[in-house]
Amino acid sequence: MEIKYNVSEEDYLNFNKFHIGTSKTFKRALFVQRIIGPIIFIVFSFIFSKMGDISFLSLLIPFIILSILWFIFYPKYFYKSVIRNTKKVLKEGKVGGFLGEHMMALTDEGIVDSTATEQTKVSWAGIQSFKEDEHNLYLYNSSVSAYILPKKELKNVYEIRTYIKSKMKQ
């Protein structure tokens with residue numbers, strides 16, 4: 001089966017959003033950062049109360065409010081930060097032939113993906129997982145990278161999904 005498709009900047013950003021939303025490592029980092037911030041704020045209120053003539057309680061209340069706001073709004077900042085940094089990488093042009101037109105051959109042996117600048121081959125055993133969201137199909141070839149197949153570019157998503165799943169089981 002041969003598939004011709006185009007990977008756009010939007011597709012790459014959707015992959016990054018999907019990956020950080022499903023990755024155990026990113027979820028753990030986000031959780032730790034959500035908890036560490038409020039702990040630091042509360043410690044600051046204690047330190048500032050000891051350094052000045054202000055009571056601990058009068059400092060604790062604003063820092064608790066700040067902690068609550070941090071806990072609620074930090075995930076949104078975290079995701080925006082990842083997307084902003086991804087856009088910077090894209091502008092620097094450090095993604096090689098990843099964006100643009102692709103020709104992918106799905107064979108019994110594996111996948112051959114060709115672009116204007118490179119060709120990659122991977123056996124089905126080299127595909128670690130198959131995932132999807134509303135925008136794309138993802139064939140993970142490592143824990144942090146995947147072949148992105150934009151659904152809007154595919155003529156028969158169901159057929160491709162079925163074929164990939166059948167090869168992943170073998």
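All values below were derived from every heavy atom in this structure, side-chain atoms included, with hydrogens, water molecules and symmetry-related copies excluded. Counting from 1, the numbers follow the sequence of the chain as shown. Everything numeric in this text was worked out from a predicted model, so none of it was measured.
Under the 4.5 Å side-chain contact rule for hydrophobic residues, Ile164 and Met1 share a cluster. Note: the hydrophobic cluster containing Phe44 also contains Ile35 (ILVMFWY, side chain heavy atoms under 4.5 Å, direct or indirect links). Under the 4.5 Å side-chain heavy-atom criterion for Ile, Leu, Val, Met, Phe, Trp and Tyr, Ile148 and Met168 are members of the same hydrophobic cluster. Cluster annotation: Ile39 and Trp70 are assigned to the same hydrophobic cluster (Ile/Leu/Val/Met/Phe/Trp/Tyr, side-chain heavy-atom contacts under 4.5 Å, transitive). By the rule that hydrophobic residues join a cluster once side-chain heavy atoms approach within less than 4.5 Å of another member, Phe78 and Leu69 end up as members of separate clusters.
Under a cut-off of 6.0 angstrom, the local environment of NZ in Lys87 is sparse, with at most 12 non-hydrogen atoms contributed by other residues, nucleotides or ligands. By the 6.0 Å contact criterion, CZ on Phe56 is enclosed, its count of non-hydrogen atoms from other residues, nucleotides or ligands being greater than 12. Residue Tyr163 places its OH atom among more than 12 non-hydrogen atoms of other residues, nucleotides or ligands, all under 6.0 Å distant. Within a 6.0 Å sphere centred on NZ of Lys4, heavy atoms belonging to other residues, nucleotides or ligands number 12 at most.
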Could you walk me through whether Leu154 and Leu137 satisfy the side chain to side chain contact (heavy atoms under 4.5 Å, CB included) test, starting with their C-alpha distance in whole Å, then the side-chain angles of each, then the deciding distance to 0.1 Å, before giving a yes or no?
CA-CA 10 Å; Leu154 307 176; Leu137 302 175; 3.8 Å; yes
What verdict does the salt bridge (Lys or Arg N to Asp or Glu O under 4.0 Å) test give for Lys151 and Asp133, after you've listed the backbone C-alpha separation in whole Å, the side-chain angles of each residue and the deciding distance to 0.1 Å?
CA-CA 9 Å; Lys151 289 180 178 179; Asp133 63 12; 5.6 Å; no
Take Lys167 and Asp108, measure what salt bridge (Lys or Arg N to Asp or Glu O under 4.0 Å) needs, and give me the verdict at the end.
CA-CA 7 Å; Lys167 294 301 176 186; Asp108 288 336; 2.7 Å; yes
CA sep, side-chain torsions, deciding dist, call: Ser114, Val112, side chain to side chain contact (heavy atoms under 4.5 Å, CB included)
CA-CA 7 Å; Ser114 303; Val112 178; 4.2 Å; yes
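Rounded to the nearest 0.5 angstrom, Leu149 CG and Ile3 CD1 are separated by 5.5 Å. Taken from CG in Asp113 to NE2 in His102, the straight-line distance is 5.5 Å, to the nearest 0.5 Å.
Side-chain contact between Leu30 and Phe26 is absent, with no heavy-atom pair separated by less than 4.5 Å. Between His135 and Asp11, the closest side-chain pair of non-hydrogen atoms is not below 4.5 Å. A 4.5 Å side-chain heavy-atom check between His19 and Val144 finds at least one atom pair inside the cut-off. For the pair Ser67 and Ile42, the minimum side-chain heavy-atom distance is below 4.5 Å. With a 4.5 Å cut-off on side-chain heavy atoms, Tyr147 and Val7 do not count as touching. At a threshold of 4.5 Å between non-hydrogen side-chain atoms, the residues Tyr79 and Lys17 do not count as touching. For the pair Phe41 and Ile64, the minimum side-chain heavy-atom distance is 4.5 Å or more. Using a 4.5 Å heavy-atom threshold, the side chains of Tyr158 and Arg161 count as touching.
Nearest approach of Met104 to Tyr5, heavy atoms of both residues: CE-OH, 3.4 Å. Scanning both residues, Glu153 and Asn6, for their nearest heavy atoms gives OE1-N, 3.2 Å. When all heavy atoms are compared, the tightest approach of Asn14 to Asn136 is CB-ND2, 3.7 Å. Heavy atoms only, all atoms of each residue included: Gln128 and Ser143 are closest at OE1-N, 3.4 Å.
For the pair Ser23 (side chain) and Ile20 (backbone), a donor-acceptor distance under 3.5 Å is absent. With Ser58 contributing its side chain and Ile54 its backbone, the two residues share no donor-acceptor pair below 3.5 Å. In terms of modelled atom types and a separation under 3.5 Å, the side chain of Asn85 and the main chain of Val82 share no donor-acceptor contact. Put simply, the side chain of Trp124 gets close to the backbone of Thr107: a donor and an acceptor are under 3.5 Å apart.
Tyr138 and Phe18 have their aromatic ring centers within a separation under 6.0 angstrom. You'll find the ring centres of Tyr140 and Phe15 inside the 6.0 Å limit.
Ring planes of Phe48 and Phe63: tilted class, angle from 30 to 60°.
Of the candidates Leu59, Leu66, Ile40, Ser45 forms a side chain to side chain contact (heavy atoms under 4.5 Å, CB included) with just one, namely Leu59.
For Arg34 and Tyr74, the positive end is not near the middle of the six-membered ring at less than 6.0 Å and at most 45° from its axis.
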